[in-house]
Enquirer: 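Before we start, here is the structure in question, set down as structure tokens.
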Amino acid sequence: MAGMSTLRRREAINGYLFILPWLLGFLLFTAGPMLFSLYASFTNYDVTTRMRWIGLENYQRLLFDDSLFWTSLGNTGFYALFSVPLSVAVGLLIAVLLNQKVPGQRVFRTIFFLPKVLSGVAVLLLWLWVFNPEFGPINSFLRFIGIQNPPLWFSDPIWAKPALVIMSMWGAAGGFIIYLASLQGIPKDLYEAAMIDGAKPITQFWKITVPMMSPTIFFKLITGVYAALQFWEAALIVSSGGTGGPSYSTLFYGLYMWQKAFGEYQMGYASAMAWILLIIALTVTFIQFIGAKRWVHYEGEASR
Amino acid sequence: MTVQQEPLSSAPVSSAADNRRAPGGPRALDMFWRTIAFVLLAIVGGLILFPAVWMLSTALKADTQVYANPPIWIPNPLRWDNFVQAWTQAPFTRYTINTTLYAIAVVIGTILSCSLAAYGFAKLRFPGRDALFTVLLATMMIPGMVTLIPQYILFSRIHWVGTYLPLVVPSYFAGAFFTFLIRQHYLSVPNELSEAARVDGATEFWIWRKVMLPLSKPVIATVAIFTFEGAWESYVGPLLYLNDERLYTLQVGLQFFRTQSQVQWQFLMAASLLVMLPVIVIFFLFQRYFVQGSALNGAVKG
């Protein structure tokens with residue numbers, strides 16, 4: 001700062017003062033903890049005994065000896081694979097429908113936005129009751145239409161995850177608002193030109209709507225995958241006590257990590273899990289960005 | 001039929017193409033698509049409302065009707081008394097006070113610290129600003145789980161576990177996302193305003209307080225609403241840090257009806273509805289801020 005004028009120096013000092021809360025927070029609650037966590041992942045830290053450096057042992061155990069690690073990773077992968085694309089489809093569908101001039105648009109908007117607002121334990125407990133195998137309305141309906149032995153949902157290793165995916169669809173409905181904003185930004189003359197060429201509505205959707213909305217869809221895919229990789233709180237509540245459901249079918253990555261950290265106090269081991277998750281998340285995002293070059297179309301970008 | 005009363009304002013656009021294909025003419029085809037859209041919206045809307053209706057229905061049932069098969073949708077008689085009973089079975093009044101104070105403290109901390117940091121990043125020049133801002137953006141990519149464990153160890157070392165401090169204090173240190181959101185808004189405020197005040201000898205703090213904050217009420221409101229909702233509905237944090245039952249928040253307290261040997265669904269649903277009520281009321285009062293916030297959320301792209 002030596003060469004700066006008094007005024008500029010004062011501005012700089014002010015600048016640092018204003019961002020000081022963030023800077024301190026970053027050092028205290030993000031950077032510091034992350035460095036500690038990285039260090040802890042190479043130790044046998046378990047809160048009670050002395051922390052001892054064990055090198056890559058945690059990582060080796062996770063990757064080669066711990067089948068539940070792979071189970072939890074598989075469960076999380078299953079959830080991401082189904083819930084993310086379906087969420088995009090649901091949000092997009094609602095947005096396209098709402099973009100038509102239909103009566104009651106305002107009412108529909110309010111209804112579709114509600115799931116975005118309502119979350120937390122109350123909603124999860126509600127779903128538990130909706131999916132109740134004996135008395136819940138879903139199975140009553142399934143029996144009504146002639147299905148004798150409807151799924152046991154959260155008590156059934158095969159159906160527990162699909163039930164969670166269905167739940168996530170409900171929450172995804174609120175995502176329509178971003179697609180709607182993006183839909184309304186598409187120039188109308190593109191459709192007019194397509195119609196003169198005789199393009200059918202379906203063709204228009206795939207050739208104009210989807211490419212024009214691709215940056216928004218891409219954004220939702222990135223954030224959606226990120227959220228899905230960290231999905232586990234619902235499983236903690238649904239499988240009461242966070243046992244991971246029948247046959248570990250809802251033992252998601254985060255839930256397993258939670259068990260290791262706060263159930264068994266294997267903090268070093270859980271820290272290694274956290275870092276593996278970070279690497280997976282960054283890798284998946286990186287791959288998505290590379291793939292995006294093929295299909296995400298930005299306005300103002302030179303046409304290929 | 002309400003469908004038919006809608007004026008065909010988009011007709012000019014679609015008529016050119018429709019003329020060629022539709023035997024019933026452009027009007028009929030347009031009407032056809034709109035009716036399909038309406039029916040689909042009604043079906044999806046019904047699916048979305050369905051759990052909420054089931055919740056309300058259960059909350060008003062007598063225990064004998066809760067387990068009826070096939071399910072009863074309109075209970076008879078309506079047991080409004082369930083709400084009172086659910087509330088008094090556990091110390092929910094206490095949980096409500098705890099949760100409200102906690103949420104308010106978090107909202108104040110977030111608005112103060114994030115808007116200060118946002119001002120620094122948006123309007124002041126200092127060496128390393130852009131690099132630091134990149135770091136801020138990068139922190140949004142760190143999964144919360146990576147910091148959850150070391151933060152817990154930190155808070156337990158300084159003996160904050162069992163208090164509200166681990167839940168409230170970090171919000172006074174400017175989280176990345178809301179700082180970013182407010183900064184985006186500050187960037188749109190013309191520099192002339194702050195320059196003029198600066199020439200008049202105003203301090204930066206005064207400019208932030210008297211020029212920036214008043215000009216950014218909508219975005220501050222958005223942040224406030226989302227933060228309040230987030231605190232009201234947070235579960236893992238309170239579960240992890242509050243080990244004394246008297247300190248529980250509503251979300252943790254809701255588990256009360258499940259730790260009993262058998263779940264009392266009518267009370268559980270009644271209590272859940274009451275817990276959700278403030279969020280629902282806030283939603284209906286401030287809908288446009290919710291919508292704005294979500295649209296801004298999307299604007300982060302690119």
Side-chain angles (χ1 to χ4, degrees), chain A residues 11-12 14-16 18-19 21-22 24-26 29-30 33-34 36-37 94 97 100-103 108 111-113 115 117-122 125-126 129-130 135 137 140 170 173 177-178 181 188 191-192 195-196 198 215-216 219 230 233 240 254 257 261-262 267 270-271 274 277-278 281, chain B residues 2-3 6 9-10 13 16-17 34 37-38 40-41 44-45 48-49 51 54-55 67 69-71 113 116-117 119-121 124-127 129 139 143-147 149-151 154 170 173-174 179 204 233 235-236 251 254 258 265 268 272 275-276 279 283 290-291 294-295 298 301-302:
Chain A
E11 188 179 344
N14 271 311
Y16 291 123
F18 272 89
I19 67 156
W22 169 75
L24 283 177
F26 167 70
F29 302 125
T30 307
M34 276 182 78
F36 178 80
S37 150
I94 294 177
L97 290 174
Q100 313 288 315
K101 288 203 165 45
V102 290
F108 281 128
I111 293 173
F112 296 142
F113 207 70
V117 179
L118 297 177
S119 60
V121 178
L125 295 174
L126 167 61
W129 181 220
V130 167
F135 308 106
S140 298
W170 189 76
I177 200 86
I178 293 172
K188 291 276 175 290
Y191 291 102
E192 282 172 45
M195 267 182 267
I196 290 165
T216 310
F219 170 77
Q230 299 190 66
E233 287 186 40
S240 80
M257 207 185 102
F262 303 108
M267 295 292 183
S271 296
L277 177 76
L278 179 66
Chain B
T2 41
V3 181
E6 193 68 13
S9 48
S10 67
V13 177
R34 265 187 222 172
F38 182 83
L40 282 174
L41 282 172
V44 179
I48 286 171
L49 281 182
W54 178 241
M55 179 176 229
Y67 300 107
N69 204 345
S113 59
L116 280 171
Y119 182 77
F121 280 122
L124 297 169
R125 281 160 300 178
F126 50 89
R129 182 185 71 175
T139 58
M145 288 172 184
V146 178
T147 50
I149 295 168
Q151 273 186 19
L154 169 73
F173 290 88
T179 302
E204 296 298 336
E233 290 178 343
Y235 174 66
V236 166
Q251 303 293 337
L254 268 184
R258 282 181 79 203
W265 285 105
L268 184 57
S272 297
V275 166
M276 278 188 210
V279 179
F283 171 59
F290 272 105
V291 172
S294 301
K301 66 168 193 277

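Quick note on labels: first sequence line is chain A, next is B, and so on, each numbered from 1. Note that these values count all heavy atoms, side chains included, but never hydrogens, waters or copies made by symmetry.
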Enquirer: Over all heavy atoms of both residues, which pair between A:Val121 and B:Tyr235 is shortest? Give the atoms and the distance, please.
Expert: CG2-CD1, 3.3 Å
Enquirer: Check B:Pro143 against A:Leu278 and note the closest heavy-atom contact, atom names and distance.
Expert: CD-CD1, 3.3 Å
Enquirer: To check you understand the geometry: which heavy-atom pair defines the closest contact between A:Phe135 and B:Trp54, and what is its length?
Expert: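 That would be O-CZ2, 3.7 Å.
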Enquirer: Is B:Gln151 reaching over with its side chain to a backbone N or O of A:Pro33, donor-acceptor style, under 3.5 angstrom?
Expert: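 Flag not set: sc B:Gln151 to bb A:Pro33 has no pair under 3.5 Å.
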Enquirer: Check whether A:Pro137 gets within reach of chain B through its side chain, its backbone, both or neither, counting any heavy atom under 4.5 Å.
Expert: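 For A:Pro137, the contact with chain B is made by backbone and side chain together.
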Enquirer: Looking at B:Ala37 and A:Val102, what are the two nearest heavy atoms and their distance?
Expert: CB-CG1, 3.8 Å
Enquirer: Once you round to the nearest 0.5 Å, how far does CG of A:Leu118 lie from CE of B:Met55?
Expert: 8.5 Å
Enquirer: At what distance, to the nearest 0.5 angstrom, does CG of A:Leu125 lie from CD of B:Gln251?
Expert: 9.0 Å
Enquirer: Would you give the length of the straight line joining atom CZ of B:Phe290 to atom CD1 of A:Ile177, rounded to the nearest 0.5 angstrom?
Expert: 12.0 Å
Enquirer: Enter the distance from A:Phe112:CZ to B:Leu41:CG here, rounded to the nearest 0.5 Å.
Expert: 4.5 Å
Enquirer: Check A:Pro115 against B:Ile48 and note the closest heavy-atom contact, atom names and distance.
Expert: CG-CG2, 3.6 Å
Enquirer: Taking the side chain as everything from C-beta on, heavy atoms only, tell me whether B:Leu154 gets closer than 4.5 Å to A:Phe29.
Expert: yes
Enquirer: Write down the atom of A:Val117, the atom of B:Glu233, and the distance for their closest heavy-atom approach.
Expert: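 Closest approach of A:Val117 to B:Glu233: O-OE2, 3.3 Å.
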Enquirer: Checking heavy atoms, do the side chain of A:Gln100, its backbone, both or neither come under 4.5 Å from chain B?
Expert: side chain
Enquirer: What distance do B:Met145 atom CE and A:Ser271 atom OG have between them, rounded to the nearest 0.5 Å?
Expert: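 Answer for the CE-OG pair, B:Met145 versus A:Ser271, is 13.0 Å.
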Enquirer: How are the rings of B:Phe126 and A:Tyr16 set to each other: parallel, tilted or perpendicular (split at 30° and 60°)?
Expert: tilted
Enquirer: Give a yes or no answer on whether the side chain of A:Trp22 reaches the backbone of B:Ser113 with a donor-acceptor pair at less than 3.5 Å.
Expert: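 Here the side-chain-to-backbone pair does not exist.
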Enquirer: The criterion is side chain to side chain donor-acceptor pair (under 3.5 Å); which residues satisfy it with A:Trp129, sequence neighbours excluded?
Expert: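 In terms of side chain to side chain donor-acceptor pair (under 3.5 Å), with neighbours along the sequence ignored, A:Trp129 is linked to B:Thr58.
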Enquirer: Taking only residues two or more places apart in sequence or in another chain, which ones pass salt bridge (Lys or Arg N to Asp or Glu O under 4.0 Å) with A:Glu11?
Expert: B:Arg125
